2 protein chains.
Amino acid sequence: MRPSNEYTEPETLELLEFVELFFFAYRDFVSDPDRILEEFGFGRAHHRVIHFVGRNPNIRVANLLNILKITKQSLGRVLKQLVDEGYIEQKAGTKDRRERRLLLTSSGRELARKLAKPQLDRIAKTLAAAQPEAKAYYRRIFYAMIDQENRSYVEDLVQKG
Amino acid sequence: MRPSNEYTEPETLELLEFVELFFFAYRDFVSDPDRILEEFGFGRAHHRVIHFVGRNPNIRVANLLNILKITKQSLGRVLKQLVDEGYIEQKAGTKDRRERRLLLTSSGRELARKLAKPQLDRIAKTLAAAQPEAKAYYRRIFYAMIDQENRSYVEDLVQKG
DNA sequence: AAATTAAGTCAATAGTGCTGACATATTTTT
DNA sequence: AAAAATATGTCAGCACTATTGACTTAATTT
């Protein structure tokens with residue numbers, strides 16, 4: 001196995017390095033929750049729903065669709081399972097009763113914590129291994145990787161509490 | 001929609017921000033190649049195979065399995081399609097003829113470039129928007145996110161050429 | 001009263017992944 | 001040379017995630 005001779009400019013090779021690092025980091029980052037989800041008979045889609053409902057209590061279905069960028073049908077199936085199995089609770093909106101507001105039940109909160117734990121630990125270790133100023137750099141880099149039109153939305157969503 | 005009252009310590013909120021930014025960055029990062037793959041009737045698995053074969057000409061099947069961390073059967077189906085449709089070529093190893101060495105054909109190289117382009121552009125923009133020293137931080141953070149036991153392997157794989 | 005909005009539902013399809021067992025060819029070990 | 005190990009491929013079947021497009025219900029707005 002030899003290095004590819006397709007790309008030769010050092011700038012491009014550096015960019016390719018980042019593409020690959022992103023792939024490997026993501027692969028390992030999701031591997032811990034994947035193992036936990038398996039015990040519950042759930043998949044990654046369930047994790048994402050549990051996560052964003054937990055972080056955004058009373059979120060509407062439409063909002064969740066916009067975050068996950070999947071279709072109503074894909075979300076519907078996953079959400080139904082989570083509601084049926086008692087992890088998520090639905091309430092009609094108080095102002096507009098067409099809306100279904102989503103909330104974690106106590107089992108839901110427990111599952112959310114269980115899934116979050118290995119990822120929080122991994123990132124805590126990552127940041128501990130880096131210099132303190134690394135935080136400002138990672139934040140800027142991640143925002144720059146997000147589609148420009150989604151950036152301010154993501155910023156609002158993420159930097160609350 | 002109100003901020004979650006589940007986590008209150010600022011350190012944890014910062015870690016959660018990182019978790020979410022990683023999700024959004026990955027979501028957008030794969031969206032461009034996904035659109036291109038659709039035109040070819042391929043999916044993300046095909047992209048990964050094309051990418052790593054392109055970057056590692058003459059790679060063996062076992063090595064590819066180790067990189068992708070999927071089963072032989074999952075790879076088999078995707079690889080067969082790519083070979084049948086003329087994007088990847090297989091050759092028996094010269095020393096050990098049990099091995100199948102994988103190579104991109106010229107169509108394969110063309111597709112690889114097409115898929116890589118938007119991701120290289122996205123990262124180039126990201127790095128251009130950051131200070132020059134950001135690269136070192138970026139690299140260190142990604143390596144720290146990878147499972148410890150895979151790090152040196154990934155390092156060797158990624159920093160060649 | 002009509003139009004719009006939020007959400008749920010239907011059937012059908014595709015891509016990716018899994019397990020477990022088995023087959024083939026080739027190389028290495030005994 | 002025979003036996004064991006290795007690299008790869010193959011079988012059938014199943015599960016999860018995602019898609020499209022059309023339709024329904026309920027509630028709100030115009």
Side-chain angles (χ1 to χ4, degrees), chain A residues 1 23 26-27 30-31 33-51 53 58-85 88-103, chain B residues 1 23 26-27 30-31 33-51 53 58-85 88-102 115:
Chain A
M1 191 166 94
F23 164 75
Y26 191 81
R27 185 197 65 178
V30 295
S31 68
D34 277 357
R35 273 188 287 274
I36 298 166
L37 289 160
E38 213 174 333
E39 300 166 24
F40 287 77
F42 292 148
R44 276 183 206 172
H46 301 84
H47 183 189
R48 294 194 279 257
V49 172
I50 286 276
H51 174 91
V53 171
N58 289 307
I59 193 173
R60 289 184 306 134
V61 170
N63 204 338
L64 205 45
L65 288 173
N66 189 40
I67 288 171
L68 301 174
K69 298 250 198 277
I70 58 174
T71 59
K72 211 181 346 176
Q73 294 77 357
S74 298
L75 175 59
R77 189 179 27 211
V78 166
L79 196 51
K80 189 177 186 315
Q81 282 178 277
L82 291 170
V83 170
D84 287 353
E85 301 188 27
I88 287 183
E89 192 182 356
Q90 291 177 320
K91 286 186 192 171
T94 47
K95 275 187 70 172
D96 184 338
R97 299 188 41 253
R98 288 173 305 185
E99 298 172 348
R100 301 290 156 94
R101 298 292 185 152
L102 305 175
L103 280 167
Chain B
M1 189 165 101
F23 165 74
Y26 191 80
R27 184 198 65 178
V30 296
S31 68
D34 276 358
R35 273 187 287 274
I36 297 166
L37 288 160
E38 213 174 331
E39 299 166 26
F40 287 77
F42 292 147
R44 277 185 206 173
H46 301 84
H47 182 188
R48 294 195 278 259
V49 172
I50 286 275
H51 173 91
V53 171
N58 288 308
I59 192 173
R60 289 184 307 134
V61 169
N63 205 339
L64 204 45
L65 287 174
N66 190 41
I67 288 172
L68 301 175
K69 297 251 197 274
I70 58 174
T71 58
K72 210 180 350 175
Q73 293 76 357
S74 298
L75 175 59
R77 189 177 27 208
V78 166
L79 195 52
K80 189 178 184 317
Q81 281 177 279
L82 291 169
V83 170
D84 288 352
E85 301 187 29
I88 287 183
E89 191 182 356
Q90 292 177 319
K91 286 187 191 169
T94 46
K95 274 187 68 173
D96 183 338
R97 300 189 39 253
R98 291 171 305 182
E99 297 172 348
R100 299 291 155 95
R101 298 292 184 153
L102 305 175
L115 291 168

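Order of the sequence lines sets the chain letters (A, B, ...), proteins ahead of strands, with each chain counted from 1. Worth saying up front: this structure is predicted, and the values here are computed from it rather than measured.
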Integer-rounded Å distance: [N] [atom2] and [X] [atom1]:
| X | N | atom1 | atom2 | answer |
| --- | --- | --- | --- | --- |
| B:Ile88 | D:dG9 | CD1 | P | 11 Å |
| A:Gln73 | D:dT24 | CD | C1' | 13 Å |
| B:Arg77 | C:dG17 | CZ | P | 8 Å |
| A:Ile70 | C:dG15 | CD1 | P | 19 Å |
| B:Arg97 | C:dT28 | CZ | P | 13 Å |
| A:Gln81 | D:dA18 | CD | P | 12 Å |
| A:Phe42 | C:dG17 | CZ | C1' | 19 Å |

Of the listed nucleotides ([options]), which one gets closest to any side-chain atom of [X]?
| X | options | result |
| --- | --- | --- |
| A:Glu99 | D:dT19, C:dA6, D:dA27 | C:dA6 |
| B:Arg60 | D:dT8, C:dG8, C:dT4 | D:dT8 |
| A:Arg100 | C:dA7, D:dT6, D:dT28 | C:dA7 |
| B:Lys72 | D:dT19, C:dT16, D:dT10 | D:dT10 |
| A:Val61 | C:dT27, D:dT28, C:dG8 | C:dG8 |

Would you mind classifying the nucleic acid contact of [X] as base, sugar-phosphate or nothing, using non-hydrogen atoms under 4.0 angstrom?
| X | value |
| --- | --- |
| B:Gly76 | nothing |
| A:His47 | nothing |
| B:Gly93 | nothing |
| A:Lys80 | nothing |
| B:Glu38 | nothing |
| B:Arg44 | sugar-phosphate |

Exercise for the section: Starting from the 5' end of DNA chain D, give me the residue, A:Arg98 or A:His46, whose nearest nucleotide shows up first. Expected result: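 It is A:His46 whose nearest nucleotide is closer to the 5' end.
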Exercise for the section: Using the closest heavy atom to pick a nucleotide of DNA chain D for each, name whichever of A:Asp96 or A:Thr71 lands nearer the 5' end. Expected result: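 Nearest nucleotide further toward 5': that of A:Thr71.
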Exercise for the section: Give a yes or no on whether A:Lys69 atom NZ has more than 12 heavy-atom contacts from other residues, nucleotides or ligands under 6.0 Å away. Expected result: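 Correct, the count exceeds 12.
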Handout entry: Student check: side-chain heavy atoms of A:Leu37 and A:Asp34 closer than 4.5 Å
Key = yes
Practice task
Check A:Arg27 against B:Leu68 and note the closest heavy-atom contact, atom names and distance.
Solution key: CD-O, 4.3 Å
Exercise for the section: Just jot down the ring pair (Phe, Tyr, Trp, His ring centres under 6.0 Å) partners of A:Phe42, sequence neighbours excluded, or say none. Expected result: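 Result, ring pair (Phe, Tyr, Trp, His ring centres under 6.0 Å) vs A:Phe42: A:His46, A:Tyr87.
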Problem - C:dG8 OP1/OP2 closer than 4.0 Å to side-chain N/O of A:Gln90 - result: yes
Problem - side chain to side chain contact (heavy atoms under 4.5 Å, CB included), paired with A:Ile67, selected from A:Ile70, A:Leu65, A:Asn63 - result: A:Asn63
